[in-house]
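Basis for what follows: all heavy atoms, side chains included, without hydrogens, waters or symmetry-related copies. The model shown is predicted, which means the values in this text are computed figures rather than measured ones. Below, chains carry the letters A, B, ... as their sequence lines are ordered, and counting in each starts from 1.
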Amino acid sequence: MSLIKLTLPDGKALQVEKGSTVLQAIEKIGTRLAQAALSASLDGKLVDLSTKLEKDASFKVHTFATIEGKETYWHSTSHLMAYAIQELFPGVKFGTGPAIEEGFYYDVDCSKSFTPEDLIKIEEKMKELAKQNFPVKRIEMRRGEAIKFFDKRNDHYKVEILSELDEDMVSLYEEGKFIDLCTGPHVSSTGKIVAVKLLNISGSYWRGDAKNKQLQRIYGISFPTQKELDEYLKLREEREQRDHRRIGKEMKIFTFNEDVGMGLPLWLPNGEQLFHTLQEYMRREEEMAGYHYVRTPVISKGKMYERTGHIPYYAESMYAPIEIEGENYYLRPMNCPHHHAIFSELVQSYKQLPYRIAEAGSVYRYELSGTMNGIIRTRGFTQNDAHTYVTMNQVADEVVRVLEMNMRIYEKVGLKNYWFRLSLPDFEGHPEKYSGNVERWEAAANELRKAAQRIGKDFIETKDEAAFYGPKIDIQSKNIRGKEETIATVQLDIMVPKRVGLNYTDENDKPAIPVVIHRAILGSYERFIAFLLEQTMGKFPTWLSPIQVKVLPLSEKFREYGEKVWMEMRKNGIRAELDSTDQTLNYRIRNAQLEKVPYMVIVGEKEAEAKTVSIRTREGKQENGMPLEKFISDILNEIKNKE
RNA sequence: GCCCGUAUAGCGAAAUGGUAUCGCGCCAGUUUCGUAAACUGGAGAUUGAGGGUUCAAUUCCCUCUACGGGCUCCA
């Protein structure tokens, strides 16, 4: 067994056996330091003992490159940044400054608005302070003392945090002339922080509440070496390449126009082709699963939304009503009430349940201007919507069917990065957001949990994310900047059916109220296409590609044969285009490649004579001299099977 | 909605208190090509909209609109 020598923040050396457990390490460190859950250094590399404490996993030495070290390192960097800001802008007050998934931020209350130039100044100051290599010291004191301490400094944000804590003892961290309230842990000295980049400034409300003062949030990231920082910045740039707005523009999928208005996308021919193909595909899948497609208007009377209970919750985010003949009409923000009306018209008996109504329904929501994001968040969009009317006993089965459909369809279209989230209410924190009684909500949540467990895929549970009328299972993903977004949702509605008077006759000849499952496999077509663009870089499977084949005659001489090949494919329903422009073959291949066309068909002398085609795929594979009929039947097969 | 920032030809960028440069694309001519950019020439801009300061504004200031990064929100 080899021994590892660690240097603790207080300067003492510690020797542990490689592979020894955390408990053994703690014994050596001593309780006082163990409580502090400190990081240590090994040959100058950062080692974090803290996150291993809880799990009692095998004690392993890891550098910052492993996940365990990051949080501490970034958190310490945020302290260093606060120190630099304090030096440059005396009198500033600090909110909170945690490590986040990528980097850190600190919320700062400062009368001056920070500019990008200020960030550079702060960065420089940070480097200077890091070089001075101040030890980072932990100070423990009674909560009352700490309140007095921060009160004297007019640090009212810290006082506010402290006065809400339950603990008797609290800890402060000191480095140079900077002291902050913090549970730690931290790196042992400021010199550990080497490469820092402050990324951006934004506003953020104190304690995340729009009623409170808005502070300035500065985001940044740091690494133990410049090389790692450079690599990270490069990665960020690469991610920008995947931005759906960028790909959507390059591939001519959608655009926005100032005169049309914010959040109202215009679908270009390629985009409409994609949209339409997806919609047709979904309709086929849903009809196979027993859904009935309907068509309903995008506008209806305000009365409808009063009855459903949406008005008190969402009036502000609905487009203002249009008054006609003394009646207020709203652009619809959702399709549910229309579908409920159809249910009432068609369903009387429990024997008809589950009854499934589907529609590619256009809805309009007056979302806050600052929340718009390409086609991920728009004001007008088309939901891949359906409502299933079931008895409480049928809920779990039906939800399982829906989730299975989700997974199958995502597989087909090539969407891979997603996970399930069971979204529950928070009756303690925000009871006003949810209607109905707790027991009923719990019963509903149990049904959803049962269904999610039956699927066998991991899911997480989150409080305070439910709809006002019931719990739901959301399908979550991340956009290119790492921000979590909801792709799709399966919602259990335990309130509205009763409110709007939905009923059927049960097996005992008694009136009964159905439960409604609101589900949208693709969520909205707009958002879904955005995620597809980001996750596939626009390289859609052939059946989805707006242009499936580009025919490229080698030169003018073979144009005629090229046209024949092209027409033959169009006749067979293949979305083929002919590019016989006066350009070199290389040039036209490059163009087709940039357009992400799955197949290029090259025809020259050999092909024209033998009635064959030469194929180049998007991935660069070549196959020469394939009979035209074979290529057509192969591609049709591929499209049919959606491989 | 709030905080910060951005807006120059179809697209991506450059420059300047004295009306704008480059690349791609577009058009014309030459070239007729075997798997990711042939060559030459040309046209194209009331510098997002409105107002103000100034002899003079694309540049400085204000308002609006749209876009970007966050916060809040997301039925």
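With sequence neighbours excluded, the residues forming a salt bridge (charged side-chain N to carboxylate O under 4.0 Å, His left out) with A:Lys478 are A:Glu101, listed by chain and number. Residues forming a side-chain contact (heavy atoms from CB on, under 4.5 Å) with A:Leu266 (at least two apart in sequence, or on another chain): A:Thr255, A:Asn257, A:Val260. By the side-chain contact (heavy atoms from CB on, under 4.5 Å) test, A:Glu432 pairs with A:His430, sequence neighbours left out. Partners of A:Glu272 under the salt bridge (charged side-chain N to carboxylate O under 4.0 Å, His left out) rule, at least two apart in sequence or in another chain, do not exist in this structure. A:Tyr313 is linked by a side-chain contact (heavy atoms from CB on, under 4.5 Å) to A:Ser435, A:Phe468, counting only residues two or more places apart in sequence or in another chain. With sequence neighbours left out, A:Glu560 forms a side-chain contact (heavy atoms from CB on, under 4.5 Å) with no residue at all.
Of the residues in residues 477-493 of chain A, those with a non-hydrogen atom less than 4.0 angstrom from any atom of RNA chain B are A:Arg481, A:Gln491. For RNA chain B, the residues of residues 234-262 of chain A within the heavy-atom distance limit of 4.0 Å (strictly under) are A:Arg245, A:Lys249, A:Glu258, A:Met262, sorted by number.
In this structure, A:Arg239 pairs ionically with A:Glu102, as a charged nitrogen and a carboxylate oxygen lie closer than 4.0 Å.
Between A:Lys472 and B:A75 there is a side-chain N or O to OP1 or OP2 distance below 4.0 Å.
Between the side chain of A:Arg217 and the base of B:C4 there is no donor-acceptor pair of N/O atoms closer than 3.5 Å.
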ask   = Taking only Watson-Crick and G-U wobble pairs with both distances under 3.5 Å, what dot-bracket line describes RNA chain B, where [ ] shows pairs that cross earlier ones and | shows pairs with another strand?
value = (((((((..((((....[..)))).(((((.......))))).....(((((..]....))))))))))))....
request  = Do nucleotides 59-64 of chain B as a string where each nucleotide becomes B, S or -: B if the base has a protein heavy atom under 4.0 Å, S if just the sugar-phosphate does, - if no protein is that close.
outcome  = ------
remark   = Counting primed atoms, P, OP1 and OP2 as sugar-phosphate and everything else as base, the B/S/- map of nucleotides 35-40 of chain B against protein heavy atoms under 4.0 Å is BBBB--
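Legend: salt bridge (Lys or Arg N to Asp or Glu O under 4.0 Å) pairs involving residues 366-381 of chain A, not counting sequence neighbours, sorted by first then second residue: A:Glu367-A:Arg377.
Under 3.5 Å, the side chains of A:Ser423 and A:Asp474 contain a donor-acceptor pair of N or O atoms.
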task = Show the numbers, then the answer: is there a ring-ring contact (aromatic ring centres under 6.0 Å, His included) between A:Phe531 and A:Tyr418?
result = CA-CA 10 Å; A:Phe531 277 98; A:Tyr418 66 89; over 10 Å; no
